[in-house]
Amino acid sequence: MRKIKTLNNISQKGLCLFGKDYEVSESVENPEAILVRSAQVDTDSFSELLAVARAGAGVNNITIDKASAKGICVFNAPGANANAVAELVMTILGMEVRHVFEATNWVKNLDPNDPALDKTIEKGKKMFSGTELSGKTLGVIGLGKIGVLVSNYARWKNMNVVAYDPYPSAANMHKLSNVVSVVKTIDEVIAKSDFITVHVPFIKGVTENMLNEKNLAAFKGSIIMNFARGGIVNMDTVYKMLDEGRLQSYLTDFADKKSLQNPKIKIFPHLGASTEEAEENCAVMAVEELKDYLEFGVVRNSVNFPPLDSYPHAEVKSRVVVINQDVPNMIAEITKVFGAANINIASFSNKSNGKIGYNLIDVETSVDDSIIDALKKLEKVIRVRVIHF
Ligand SMILES: NC(=O)C1=CN([C@@H]2O[C@H](COP(=O)(O)OP(=O)(O)OC[C@H]3O[C@@H](n4cnc5c(N)ncnc54)[C@H](O)[C@@H]3O)[C@@H](O)[C@H]2O)C=CC1
Ligand SMILES: O=C(O)C(=O)COP(=O)(O)O
């Protein structure tokens, strides 16, 4: 029985894919794998752990470096919740420019017994006169799965879009509307935008404070949105800009203590991915990744291991998974161990990503412990496991 620990509420649509050979629950001890959304995971706390799957996009809640050092594969679910976030961002932006939050709140608090209620409403509505999105410029920082969708939705609303990403992937750019203006610096986005939205991962010391006092000084627009992570936009700068009237409002999925008290900051309870569809998509993708990894050693959508999508052929009895530091000569060292034991290798697949070397060695016999021990003794080998068929 394989043991899977869940650390958040994960959609049944995904969980039911595990099947009868899996024990899956919150209370599992010594799990082989963890399925998680936003809960913190310290991979060093689980001695048997082979893999962690994030049923979502951001992996800043998981100790990736510690995981790599122990040969633990970390997956995420790229794109599986992107539409949920993109729709929410565009919806909230549309509501904000029309002052919908304040307006509906105002109506709700009117005296229901006022005999002139209709008149009061008609008179009061001028307080909430807004602007339209059409013709305005949206700045999109980060053109990944979410940023591309947000850009395209904004184009459909007849907005101009100025976007920036330092590492745009060909697959994402291919999906981007060809009238989006892709610029080379974040400063260009800031200077040209009426509204800015950020869609990059939180990486300490890299995207941390990516929008800050220095670059936001050039912002002439009115709204900044952060549905990516707290910490990407420097909050002291936001408070200052709001106080000085340089910013109309800040809309975010991530609360901090001080922001709760500020009426110009609208905070949502990390709601971006909370739709039935996104929760199902993420859970299904994460469970399929975990099953493929545990049962076949296949790596798809890992954030720390190289991709290796290879299934064994029918005669294979054992698949040996060797995870090593990505240094020269490892393939030779590994094959030498099989050669010395006179074992024929049916298939050898290898991929590396600069940090991790990942090897799948298929043999048509069973593999005894002496081979595994010899592989484990190789310098720079991090982890070895055998999958029997
Ligand atoms: N509010 C919510 O519920 C949700 C929030 N998120 C957040 O949104 C982020 C983005 O999600 P996706 O678009 O799905 O991820 P993604 O991986 O498809 O896109 C991220 C983009 O950021 C870019 N990027 C990476 N480092 C950068 C840097 N230093 N500067 C600028 N851009 C950089 C990448 O090149 C990539 O194109 C996630 O990492 C997560 O933190 C994601 C899903 C739900
Ligand atoms: O996928 C992400 O990065 C998210 O922030 C979504 O978080 P959640 O799965 O809703 O806890």
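FYI, side chains are in, hydrogens and waters are out, and symmetry mates aren't considered; it's all heavy atoms of this structure. When a ligand or atom number is given, it counts from 1 through the structure's own listing order.
With ligand atoms numbered from 1 in the order given, ligand 2 contributes 1 (O), 2 (C) to contacts under 4.0 Å with heavy atoms of Asn81. Residue-ligand proximity, Arg229 to ligand 1, at heavy-atom distances under 4.0 Å covers atoms 5 (C), 6 (N), 7 (C), 40 (C), 41 (O). Residue Ser38 approaches ligand 2 through these ligand atoms, each under 4.0 Å from one of its heavy atoms: 7 (O), 8 (P), 11 (O). Remark: ligand 1 atoms within the under-4.0 Å shell around heavy atoms of Met210 are 30 (N), 31 (C). Which parts of ligand 1 touch Pro166 is read off a 4.0 Å heavy-atom cut-off, strictly below it: atoms 27 (C), 28 (C), 30 (N), 31 (C), 32 (N), 33 (C). Ligand-side atoms of ligand 1 in range of Val85: 4 (C), 43 (C), 44 (C), range being under 4.0 angstrom from any heavy atom. In summary, the atoms of ligand 2 found under 4.0 Å from a heavy atom of Gly58, numbered by their order in the structure, are 1 (O), 2 (C), 3 (O). The ligand atoms of ligand 1 that sit less than 4.0 angstrom from a heavy atom of Val206 are 29 (N).
Regarding atom 5 (O) of ligand 2, its nearest protein heavy-atom neighbour is His270 NE2, 2.6 Å. Of all protein heavy atoms, the one closest to atom 10 (O) of ligand 2 is Arg37 NH2, 2.8 Å. Scanning all protein heavy atoms for the shortest distance to atom 2 (C) of ligand 2 gives Arg54 NH2, 3.2 Å. At the shortest separation from atom 29 (N) of ligand 1 among protein heavy atoms lies Thr207 CG2, 3.4 Å. Closest to atom 10 (C) of ligand 1, if we only count protein heavy atoms, is His199 O, 3.8 Å.
Among Ala283, Gly272, Ala57, the residue whose heavy atom lies closest to atom 1 (O) of ligand 2 is Ala57. Closest to atom 14 (O) of ligand 1 by heavy atom, among Asn172, Ile186, Leu271, Ile146, is Ile146. Comparing Leu143, Leu149, Asn81 by heavy-atom distance to atom 43 (C) of ligand 1, the nearest is Asn81. Heavy-atom proximity to atom 21 (C) of ligand 1, evaluated over Asp165, Asn76, Asn61, is greatest for Asp165. If you check each of Gly142, Gly144, Pro201, Ala77 against atom 24 (N) of ligand 1, the one with the closest non-hydrogen atom is Pro201.
Counted by atom type alone, Arg54 and Ser38 present one or more donor-acceptor pairs between their side chains at under 3.5 Å. Residues Glu277 and Asn281 bring no donor and acceptor atom of their side chains to less than 3.5 Å of each other.
If you look at Asn8 next to ligand 2, there are no close heavy atoms at all, none under 4.0 Å. With a 4.0 Å cut-off on non-hydrogen atoms, Ala273 touches ligand 2 through its side chain and not its backbone. When non-hydrogen atoms are compared, ligand 1 lies under 4.0 Å from the backbone of Val200 as well as from its side chain.
The closest donor-acceptor contact from the side chain of Asn359 to the backbone of Val322 lies under 3.5 Å. A donor-acceptor contact shorter than 3.5 Å is absent between the side chain of Arg319 and the backbone of Leu360. Counting only distance, with no hydrogens or angles, the side chain of Asn109 and the backbone of Asn105 share a donor-acceptor pair below 3.5 Å. The main-chain N or O of Ala39 is found under 3.5 Å from a side-chain atom of Asn8 such that the two form a donor-acceptor pair. The backbone N or O of Ala116 sits less than 3.5 Å from a side-chain atom of Thr120, completing a donor-acceptor pair.
Between Ala228 and ligand 1 there is a heavy-atom distance shorter than 4.0 Å. Ligand 1 lies out of reach of Ala82, whose nearest heavy atom is not under 4.0 Å from it.
Of the polar atoms of Ser274, none of the N or O atoms is found under 3.5 Å from an N or O of ligand 2, judged by distance alone. Taking only nitrogen or oxygen atoms, main chain and side chain alike, Gly56 does not reach within less than 3.5 Å of ligand 2. Looking at Asp253 next to ligand 1, an N or O pair under 3.5 Å apart turns up. Considering backbone and side-chain N/O atoms, Lys145 comes within less than 3.5 Å of an N/O atom of ligand 1. Close N/O approach between Phe227 and ligand 1 is found [any backbone or side-chain N/O within under 3.5 Å].
Protein heavy atoms all stay at least 4.0 Å away from atom 17 (O) of ligand 1.
In this structure, Tyr293 and Phe305 have perpendicular ring planes: the angle between them is above 60°, well past the 30° mark. Relative ring orientation between Phe296 and Tyr311 is described as perpendicular, the plane-to-plane angle rising above 60° on a 0-90° scale split at 30° and 60°.
Between His270 and Phe254, the gap from one ring centroid to the other is short of 6.0 Å.
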Would Leu133 and Val97 satisfy side-chain contact (heavy atoms from CB on, under 4.5 Å), going step by step from the backbone distance to the final call? CA-CA 7 Å; Leu133 293 179; Val97 292; 3.8 Å; yes
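A heavy-atom distance below 4.5 Å is found between the side chains of Phe195 and Lys136. Residues Pro78 and Met285 are in side-chain contact: their nearest non-hydrogen atoms beyond the backbone lie under 4.5 Å apart.
Leu211 pairs with exactly one of Thr237, Ile196, Ile232 by the side-chain contact (heavy atoms from CB on, under 4.5 Å) rule, that one being Ile196.
With rounding to the nearest 0.5 angstrom, the OG atom of Ser151 is 12.0 Å from the CG atom of Asn160. Taking NZ of Lys220 as the reference point, atom CZ of Arg246 lies at 9.0 Å (rounded to 0.5 Å).
Ion pairing of Glu295 with Arg2 is absent here, as no side-chain N (NZ or NE/NH1/NH2) approaches a carboxylate O to less than 4.0 Å.
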